[in-house]
Amino acid sequence: MLITKETSMSEYSQERSAQPVDAVDERLPAGRLIALGLQHVLVMYAGAIAVPLIVGGALRFPKDQIALLINSDLLCCGLVTIIQAFGIGKFGIRLPVMMGVTFAAVGPMVAMAGNPELGINAILGAGIAAGIFGIFFAPLVSRCLPLFPPVVTGTIISVIGISLMRVAVNWAAGGNPMIKDAATGKMIDNPAYGAPEHIAIATIVLVSVLLITKYGRGFLSNVSVLLGMVVGFLISMALGKVSFAGINEAPVIALVTPLQFGMPTFDLVSVATMCLVMVVVMVESLGMFLALGDLTGRRLSRDDLTRGLRTDGLGTLIGGFLNTFPHTSFSQNVGLVGVTGVKSRWVCIVGGVILMAFGLFPKMAVVIASVPQFVLGGAGVVMFGMVAATGIKILVGADLRTNRNNLYVVAVSIGLGMIPLVAPTFFHSMPKALGPLLHSGILLAALSAVVLNVFLNGTGRRNASGEACEAIPHEAH
């Protein structure tokens, strides 16, 4: 009898070990996790440190205080990334997601920075209030899932990819076309923008990524973006295009403590504005989560989306206490999942640990910050293009051939989504309070696609393709 019991237990264990591990939950070897996590960090690093640099400059902070903003930002990015990817209770979508400071809040924060009655403490207070608002508002946003059939999600995700492409193109050219003159403080043409050597190195990075993707095997193919950037970085160093200025001045360890600028203040108008930004952030995150669900093969429930959106609010709340700004799920890194095919959320958990290390050890952060933007641009073209391609793939299943209404949904929504991209001053005469809406092409496309789909296709139990809608599951994975 004992032998039979042992045998049955052995067979059970073999059966358990033979079951395939879900790609999202797969734990890769430590070496691969570190390399893949670093690849994610490199993709989002420039965006992560850009906002504290902009806001710190608007606040006229000295160099040491701007460094504090950056360290606080990196620490918070890493912490909230771990919460989002790992999942803690009712927080975290448990997908390969990297978190960072949102650009949607830059305009309002710069305006607050320019008001002597507000300043950094009002910015942090508005972030804390918006974070609390986001945590409680998240379930309402996730309940809108029935309004996002394939024709809507495909359109939004395509616009996300196209909008990100502007970032990649500017990176490849060497930065922004306009820069601030140190002497006068005015915006002038960037003399280095579009330099042939910048475009050449970006092209080499892009070609390297494609060659490694095609001819690399296994792990090499998975880190094609990282290896492509290493090639570009080495070439840039050989040409004298890399500067490690500031590494000697950076402290070995920099401890971040909560509320280092003092107690936050709560201005009613600033809080209301930041709450509106939070709505914008959540709508964009919803589209990004749906794209990630498609890439990873995960069918996301309403509870999954609520946990992910709630973490955007939690990240913004934590950021306010850790001397930094509103956080969101970074859409740049979605393209990396599509390029590498690595779906494990543990990669982003390790990426979060790396970000926290950068926040605690500034010398490491300076080295990563030394990667030229044109190196990032070459990789960005393929990664952000992958996001747009994911949207197009979803649209293929949206019955565009026989349902003319869907064609109008796609056509008009993409057109509206392109307005801030191709004509940044199109809405310059509109009230500034509408800025978070009118200057976000992603949000314009999302609202247009949802409204047009409801108007043209209705909200019955059938989706835009004419197929019966399935009930939305409430249980979490």
Side-chain angles (χ1 to χ4, degrees), residues 45 47-81 83 99-135 180 185 246 249-278 281 312-328 352 355-366 369 436:
Y45 190 86
I49 67 172
V51 174
L53 283 172
I54 294 169
V55 177
L59 288 164
R60 301 182 185 278
F61 275 1
K63 188 175 180 180
D64 62 324
Q65 290 188 330
I66 292 179
L68 170 61
L69 290 179
I70 293 174
N71 292 337
S72 301
D73 174 37
L74 293 174
L75 182 66
C76 188
C77 286
L79 175 62
V80 184
T81 293
I83 295 172
M99 300 287 291
V101 178
T102 175
F103 281 87
V106 169
M109 288 193 297
V110 168
M112 284 184 254
N115 186 337
E117 297 180 0
L118 298 176
I120 182 64
N121 291 320
I123 293 174
L124 298 178
I128 290 171
I132 296 172
F133 167 79
I135 291 172
K180 181 178 288 187
E249 292 80 8
V252 177
I253 298 177
L255 296 178
V256 176
T257 57
L259 303 177
Q260 284 186 244
F261 294 104
M263 292 300 295
T265 59
F266 299 92
D267 174 71
L268 185 60
V269 175
S270 300
V271 167
T273 302
M274 205 63 79
C275 287
L276 178 60
V277 169
M278 203 70 227
V281 165
D312 279 4
L314 179 64
T316 300
L317 174 62
I318 294 175
F321 283 103
L322 287 182
N323 321 301
T324 187
F325 311 119
H327 277 60
T328 185
L355 282 170
M356 292 185 71
F358 286 169
L360 295 173
F361 302 100
K363 287 186 183 295
M364 296 170 59
V366 171

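For this chain, numbers begin at 1 and follow the sequence in order. Computed from a predicted model, the values in this text were never measured in an experiment.
Counting heavy atoms from C-beta on, the side chains of Cys76 and Met356 never come closer than 4.5 Å. Put simply, the side chain of Thr316 does not reach to within 4.5 Å of the side chain of Asp312, judged on heavy atoms. In this structure the side chain of Val80 never reaches within 4.5 angstrom of the side chain of Leu314, judged on heavy atoms.
Scanning both residues, Met278 and His327, for their nearest heavy atoms gives CE-O, 4.4 Å. Residues Cys77 and Gly100 come closest through the heavy atom pair SG-CA, 3.6 Å. Taking both residues in full, the closest heavy atoms of Pro52 and Phe325 are given as CA-CE1, 3.9 Å, listed atom of the first, atom of the second, then distance. Residues Gln260 and Asn323 approach most closely at N-OD1, 2.8 Å, considering heavy atoms. Taking every heavy atom of both residues into account, Ser270 and Ala126 meet most closely at O-CB, 3.7 Å. Between Thr324 and Leu124 the shortest heavy-atom distance is O-CD2, 3.2 Å.
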Could you list the donor-acceptor pairs under 3.5 angstrom formed between side-chain atoms of residues 66-73 and any protein atom two or more places apart in sequence or on another chain?
from  : atom 1 : to     : atom 2 : distance (Å)
Asn71 : ND2    : Ala67  : O      : 3.3
Ser72 : OG     : Leu68  : O      : 2.8
Ser72 : OG     : Leu322 : O      : 3.4

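Between the side chain of Thr265 and the backbone N or O of Ala122 there is at least one donor-acceptor pair closer than 3.5 Å. Formation of a donor-acceptor pair under 3.5 Å by the Thr102 side chain with backbone atoms of Thr328 is not found in this model.
The distance from atom CE of Met109 to atom CE of Met274, rounded to the nearest 0.5 Å, is 5.5 Å. The CZ atom of Phe358 lies 13.0 Å from the CG atom of Leu75; values are rounded to the nearest 0.5 Å. Remark: Leu118 CG to Asp267 CG distance equals 5.0 Å, nearest 0.5 Å. Put simply, CD1 on Ile128 and CZ on Phe321 are 4.0 Å apart, with the number rounded to the nearest 0.5 Å.
Just one of Val101, Ile123, Ile120 meets the side-chain contact (heavy atoms from CB on, under 4.5 Å) condition when paired with Val55; it is Ile123.
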